[in-house]
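Each remark here refers to the structure printed beneath this line.
Atoms considered below: every heavy atom in the structure, side chains included; atoms not considered: hydrogens, waters and symmetry mates.
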Amino acid sequence: MASLGERMKELKIDAKDMDYRELNEKIHEVLDENKDLEKLVLENVLGQRFIGNGVSRKDLTIIVNGVPGGDLGMFMKGPKVVVNGNADHAPGNTMDEGFVVIHGSSGDVTGHSMRGGKVYVQGNVGYRSGIHMKEYKYKFPVLVIGGAAKDFLGEYMAGGIILNLNMDQEDSENIEGRMIATGIHGGVIYVRGIVKSSQLGIAADIKEFTEEDVEKITPYIEEFCAEFGYSNEIKEKLINSKYTKIAPISSRPFQKLYTPDLR
Amino acid sequence: MCGIIGFMSRTGRLISGDRIATALNCLKERGNGEGSGYVGYGIYPDYKDDYAIHVFLDATKDYDKIRHEVEEVLVKYGYILKDEEIPTEEGIIKKEQVSWRFFYRFDEKYKSVEEDMMVDIVMDINAKIDGAFVFSSGKNMGVFKAAAWPLEVAEYFKIDQYKGFQWLSHARYPTNTKGWWGGAHPFNLLGWSVVHNGEITSYGANKRYVESFGYKCKLLTDTEVVAYLFDLLIRKHKIPVEYAMSALAPRFWDEIESMSEEDKKIHEAIRMTYGGATMNGPFGIVVGTQEGMAFMNGEVEEGNTMVGLTDRIKLRPLVAAEKDDLLFVSSEESAIRKICPELDRVWMPDAGRMVIAKLEKKI
């Protein structure tokens, strides 16, 4: 029995058959009543949306056991959310800061409009993952995908990094996917494996993958392997794999779309 | 956005209707209570080879007069084995329609063209008899739908008392038309049942196209045209389902460019011939299909199948999953796991490419 003086460090909520509004109200209530709470465990989660939505808090970990609904951690600022299961659409939607770790796959528009923070998905992600990600000064979103991504990866991207590891494939293989990074005008995408320019959307361009890029992605690979418990051997293999670097042709690709060059 | 979930037992195992209702209820947030519906395949074993015609009759005092008008049309071409009100539970939803069903068999002389006859009968009744609307016209199957929430419709029609090897369901969030009983999904014609999440923006073009083949689009909802396109392409024109699907969600021209010569010719021919069948706009559909469909290798497949398909640039979600003899297709994975927590495989089908579940033996 925790003594009255000592604040609760860890709490559990059973979300079984709970409507998402009720669950999210309960989460906010528990957080308000326990300022020093470090760990909140949600059991029997099944389809509830908006979990962790708008939570603004440092040093808090939310464990989600089950299959959360869409928009997990939307507008979130600070916490770490660990999902033991598959996530639905848009985990990390417009996230400001924090860390979403999905031990499974996730749906379409994973990391939609992220402004900061990190989303790491162990398995596959759906269409338009990383759409509208953007960076600003020290706000720098990172999306790391262990498995494969579907078409439109990084659509309209304006900042941050997408790292698509394609771990179920060799780095010498050609990856699938069309309309990759269509409309990109900021940020960079690293795809482990071979991408043909015909697979890119408009405004995207394949750039040279240099030593400097290896240094840039190594810390994320290390953290990814630590989070999901991959061996050193796998980590080294990923660090030394061949990547295709995709970045925008220019920061204003549609500049001349409506106004032909007047000069 | 609407919610869809459907599943099939590939070995034809009969499953009670309460499972699909529990699953659809998980997706109720995707609907707004303006319409929910279910279709069960294999639910009328006693009338396996006869038509089970479900008809909405406006719930006015002279609904029996409307029923009689429907009866008069039917008896011209065959015999009514049994007709009764579909059993419903009182006190759950306001009874805007009387739900009636006729078990019906065509006269011997129409047997060879009975499917075309049934399509014409359905079109006639829906067009000419005021206050009557045929919402299910297949064999050994039936649609149950109304303008209400998922569990309300399930309890109202007591679908837990039906057992079927394939169920499709839909929680509606109407975009183009007012929610009414007939506008709820699934939309059915013969063995085709369609549940659809999205918007067929090419509805006008598709409507004109199917109407040139005699179909009448009376329902004001775009889903209607999908069922007619399936009937036209697969039953009437006998196109193998894989090619029929690529008529509805055609390959991009740049994809066709990089195909082998033979595939290129086929896909070019499909796009040129069936341009009017191309479905544009965001959509996710699941279709319960007719018996005896032709397959790519030309061998006619016995038994029903279930097909899931999204638009080519994936503007609506669709998840597929498998467990032993069951194949599921759903808007969200959580609805599947609600009725089947442990799954052998979960995957996201490629955009514009169908997922198909086939019965291993004829029921």
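Annotation for A:Lys39: atom NZ does not count as buried by contact number, only 12 or fewer foreign heavy atoms lying within 6.0 Å. The environment of A:Tyr156 atom OH is sparse: at most 12 non-hydrogen atoms of other residues, nucleotides or ligands sit within 6.0 angstrom. Residue-environment remark: OH (B:Tyr173) stays at or below the threshold of 12 foreign heavy atoms within 6.0 Å. Sparse packing is recorded around NZ of A:Lys26, with 12 or fewer heavy atoms of other residues, nucleotides or ligands lying under 6.0 Å away.
Between chain B and the options A:Arg178, A:Gln48, A:Glu176, the largest number of non-hydrogen pairs under 4.5 Å is found for A:Arg178.
A:Phe152 has its side chain out of reach of B:Lys314: every pair of non-hydrogen atoms, C-beta onward, lies at least 4.5 Å apart. Side-chain contact between B:Glu332 and A:Arg49 is present, with at least one heavy-atom pair separated by less than 4.5 Å. Two residues are said to be in side-chain contact when any heavy atoms from C-beta on lie closer than 4.5 Å; A:Asp17 and B:Lys338 meet this criterion.
Proximity to chain A (any heavy atom under 4.5 Å) is shown, for B:Ala335, by neither the backbone nor the side chain.
Between the side chain of A:Tyr127 and the backbone N or O of B:Ala351 there is at least one donor-acceptor pair closer than 3.5 Å. Without hydrogens or angle criteria, B:Arg337 side chain to A:Gly66 main chain gives no donor-acceptor distance under 3.5 Å.
With rounding to the nearest 0.5 angstrom, the CZ atom of B:Arg312 is 12.0 Å from the CG atom of A:Asp151. The CG atom of B:Asp254 sits 8.5 Å away from atom CE of A:Met179, with the distance rounded to the nearest 0.5 Å. Between atom CD of residue B:Glu333 and atom OG of residue A:Ser105 there is a gap of 8.5 Å, rounded to the nearest 0.5 Å.
Tested against B:Met348, the residues A:Asp108, A:Val125, A:Asn124 include a single side chain to side chain contact (heavy atoms under 4.5 Å, CB included) partner, A:Asp108.
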CA sep, side-chain torsions, deciding dist, call: B:Ile313, A:Arg128, side chain to side chain contact (heavy atoms under 4.5 Å, CB included): CA-CA 10 Å; B:Ile313 52 174; A:Arg128 294 182 184 81; 3.7 Å; yes

